[in-house]
Amino acid sequence: MYLIVGVSLVKSSPSVALKGKIHYPGIYAVERQAMYKTINDVNVKGMRVLVRADLNVPVHDSSVSDLTRLERLKPTLDRLTDEGARVIVMSHFGRPKGKKIPELSLKPVANALSKVLNDRSVAFASDCIGTAAKETVSALGQGQIAVLENLRFHSGEETNCSIFASELAELGDIFVNDGFSVSHRAHASTAGIASLLPSVAGINMQAELTALSSALEHPKRPVGAIVGGAKISTKLEVLGNLTERMDFVVVGGAMANTFLCAIGVDVGKSLIENDMVSTARKIIANSDNRGCELVLPSDVVIAPALETDVFTDVVKIAGVPKDKMILDIGPESVSGLCAKLTECRTLLWNGPLGAFEVPPFDQSTNAIAVTAAKLTRNGVMTSVAGGGDTVAALNQAGVAEDFTYVSTAGGAFLEWLEGKQLPGVEALSGTGK
Ligand code: ADP
Ligand code: MG
């Protein structure tokens, strides 16, 4: 069974009647994604279409080790080229901070993109603006693709310099933003350019916005979130926004230790954030006021250290020895959570429930991943997950494909969960040129 903190800690619950309703702190939530156009709304035949993508992929020894982002870009590029557009792909890569750093060239990524596009030829411009870019673009025929060199070789990209944005805009007739994962930054290629060209969302961007808004803004209820990971401090705003919107929020991972501390549990030598204990208390109180059930583990897996092949044990939360650390939630908590999920129609997940990189502390994360995947496959639940380590954990459990949507967006995904307006998405709602 799970410990329901909202019930056990707070005696009066003045706003229980609010439960089940969505509370919009402002109008942003309904406005966040409603007003943009998509590539269905524009005629691209013969047009020069500038696509902002996220080609910031992991590269080792000049070869791309994870093609996910390129595969997600493929539908947009296929559609645009099928319709006879001249397609110009632009992206940043790494952090060159305005300097031309040969190791951060997008050339190897352009080659990998060509492979993902079934060996279609992909031209490459050695600079993203100026003569090199113009010549590459003017050589493009209908249905052909070029990739521009790293946008961040120019400092104007990150400063959202209007001159740099105009130089990019000169290369195209239409702007397509297909990089949700870069849209939390107001850069020249995400925000600046959108005020200069007719601007629409690509297929990947649309899929991401639809999935996130179906989980956060218009969910089928009951809707719950699992928030795990190492630190409350990195997810304070996420917790604040989710307790505002969800029917329940399950806190797992090391951040649950700080919550346990806040309700007077001795967590031994577990990882905790001492300066976040009072914040955790506030989150508990706020959740109760908002009618959101905050759920903490009732049992945990403990060990002397975060290492493989250590002696592990399962104890109730009241029984954590002083010289042990909590590294996963326990089996009783897992079965309580699985039961809860069977009643849940929408699930949002960010953050592993335990130190999943080191077996056996991956057990709860795997078990919950498998259960959520099965409920999704059976059509019972919509499941949306995101976060660098969460995606790694779902891949490790072999169930990422079964989730309704897995966001690879990292920072942008977290900012969306925080309830923020993303400048690159907001810019699509403007009228453009
Ligand atoms: P995400 O990248 O999905 O947003 P985070 O970066 O917030 O997730 O957290 C993931 C990290 O949290 C992992 O490295 C994992 O090992 C760690 N973690 C989870 N539970 C524990 C725990 N009980 N003790 C120590 N580390 C933990
Ligand atoms: Mg992480």
Side-chain angles (χ1 to χ4, degrees), residues 58 66 68 181 184 212 215 225-242 249-261 265-274 276 280 295-308 310 312-315 317 320-321 323-331 333-334 337 347-369 372 383-397 399-400 403 405-418:
D66 181 354
T68 314
S181 49
H184 57 313
L212 296 191
I226 299 175
V227 184
K231 291 181 172 182
I232 296 181
S233 50
T234 58
K235 302 207 176 156
L236 261 184
E237 290 178 69
V238 171
L239 285 166
N241 191 38
L242 291 182
V249 173
V250 177
V251 181
M255 71 164 73
N257 302 340
T258 307
F259 276 92
L260 290 173
C261 226
V265 173
D266 186 345
V267 295
K269 59 171 197 167
S270 305
L271 183 68
I272 65 156
E273 290 169 282
N274 280 314
M276 282 288 139
V295 182
L296 292 175
S298 57
D299 66 337
V300 287
V301 179
I302 52 165
L306 178 49
E307 289 161 11
T308 39
V310 281
T312 65
D313 203 357
V314 174
V315 293
I317 51 169
V320 180
D323 58 345
K324 299 278 165 39
M325 61 200 305
I326 300 171
L327 291 166
D328 199 4
I329 67 171
S333 304
V334 170
L337 179 49
L347 173 70
L348 203 55
W349 187 354
N350 169 252
L353 292 165
F356 77 102
E357 301 95 332
V358 184
F361 310 115
D362 56 349
Q363 278 185 12
S364 76
T365 303
N366 287 344
I368 297 304
S383 52
V384 175
D389 291 291
T390 312
V391 176
L394 295 184
N395 283 329
Q396 195 173 298
V399 296
F403 272 61
Y405 194 78
V406 175
S407 171
T408 57
F413 175 77
L414 284 177
E415 287 199 21
W416 186 276
L417 293 194
E418 288 169 3

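Residues take their numbers from the sequence shown, with the count starting at 1. Numbering of ligands and ligand atoms starts at 1, following listing order. Here the structure is a predicted model, which is why all the values come from computation and not from measurement.
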- Message: I'd like to know whether ligand 1 has Met325 as a neighbour, heavy-atom separation below 4.0 Å.
- Response: no

- Are the side chains of Lys235 and Asn350 in touch, meaning some heavy atoms are under 4.5 Å apart? yes

- Message: Within the 4.0 Å heavy-atom shell around Gly253, which atoms of ligand 1 are there?
- Response: 19 (C), 20 (N), 23 (N)

- Any nitrogen or oxygen of Asp389, main chain or side chain, under 3.5 Å from a nitrogen or oxygen of ligand 1? yes

- Could you please spell out the steps behind the side chain to side chain contact (heavy atoms under 4.5 Å, CB included) verdict for Val391 and Phe413? CA-CA 12 Å; Val391 176; Phe413 175 77; over 6 Å; no

- Check: Asp299 and Pro331 side chains under 4.5 Å, non-hydrogen atoms: yes

- Query: With a cut-off of 4.0 Å, which atoms of ligand 1 are near a heavy atom of Lys235?
  - Reply: 1 (P), 4 (O), 5 (P), 7 (O), 8 (O)

- Note on the structure: In ligand 1, the atoms that come under 4.0 Å of a heavy atom of Ile326 are 22 (C), 23 (N), 24 (N)

- Message: Under 3.5 Å between any N/O of Asn257 and any N/O of ligand 1: does that happen in this structure?
- Response: no

- Leu327 to ligand 1, any heavy atom closer than 4.0 Å: yes

- Query: For atom 3 (O) of ligand 1, what's the nearest protein heavy atom and its distance?
  - Reply: Thr390 OG1, 2.4 Å

- Item | Mode of Asn350 contact toward ligand 1 - side chain, backbone, both, neither (heavy atoms, under 4.0 Å) | side chain

- Note on the structure: Within a distance under 2.8 Å of the Mg ion (ligand 2), the protein atoms of type N, O or S are Asp389 OD2

- Note on the structure: Taking every heavy atom of Ala215 against every heavy atom of Leu348, the minimum-distance pair comes out as CB-CD1, 3.5 Å

- A student comparing Gly351, Ala230, Gly411, Ala254 should find that the heavy atom closest to atom 25 (C) of ligand 1 comes from Ala254

- Message: Do Leu327 and Val301 make a side-chain contact, defined as non-hydrogen atoms from C-beta onward lying under 4.5 Å apart?
- Response: no

- Ranked by distance from atom 18 (N) of ligand 1, the top protein heavy atom is Gly354 O, 3.8 Å

- Message: Working to the nearest 0.5 angstrom, can you tell me the gap between Thr312 OG1 and Gln363 CD?
- Response: 8.0 Å

- Side chain, backbone, both or neither: which part of Glu357 comes within less than 4.0 Å of ligand 1 when only heavy atoms are counted? side chain

- Query: So which of Ile317, Asn257, Leu296, Ile326 actually passes side-chain contact (heavy atoms from CB on, under 4.5 Å) with Val265?
  - Reply: Ile317

- Item | Identity and separation of the nearest protein heavy atom to atom 9 (O) of ligand 1 | Gly229 CA, 3.1 Å

- Query: Taking it one step at a time, do Val310 and Phe361 satisfy side chain to side chain contact (heavy atoms under 4.5 Å, CB included)?
  - Reply: CA-CA 11 Å; Val310 281; Phe361 310 115; 4.0 Å; yes

- Task: Taking all non-hydrogen atoms of both residues into account, name the closest pair between Thr365 and Trp349 and its distance.
- Result: O-CH2, 3.6 Å

- Query: Crowded around Lys231 NZ? As in, over 12 foreign heavy atoms under 6.0 Å?
  - Reply: no

- Message: Would Leu414 and His184 count as a side chain to side chain contact (heavy atoms under 4.5 Å, CB included) here? Give the steps.
- Response: CA-CA 10 Å; Leu414 284 177; His184 57 313; over 6 Å; no

- Item | Minimum heavy-atom distance between Gly354 and Asp328, given as atom pair plus value | CA-OD1, 3.5 Å

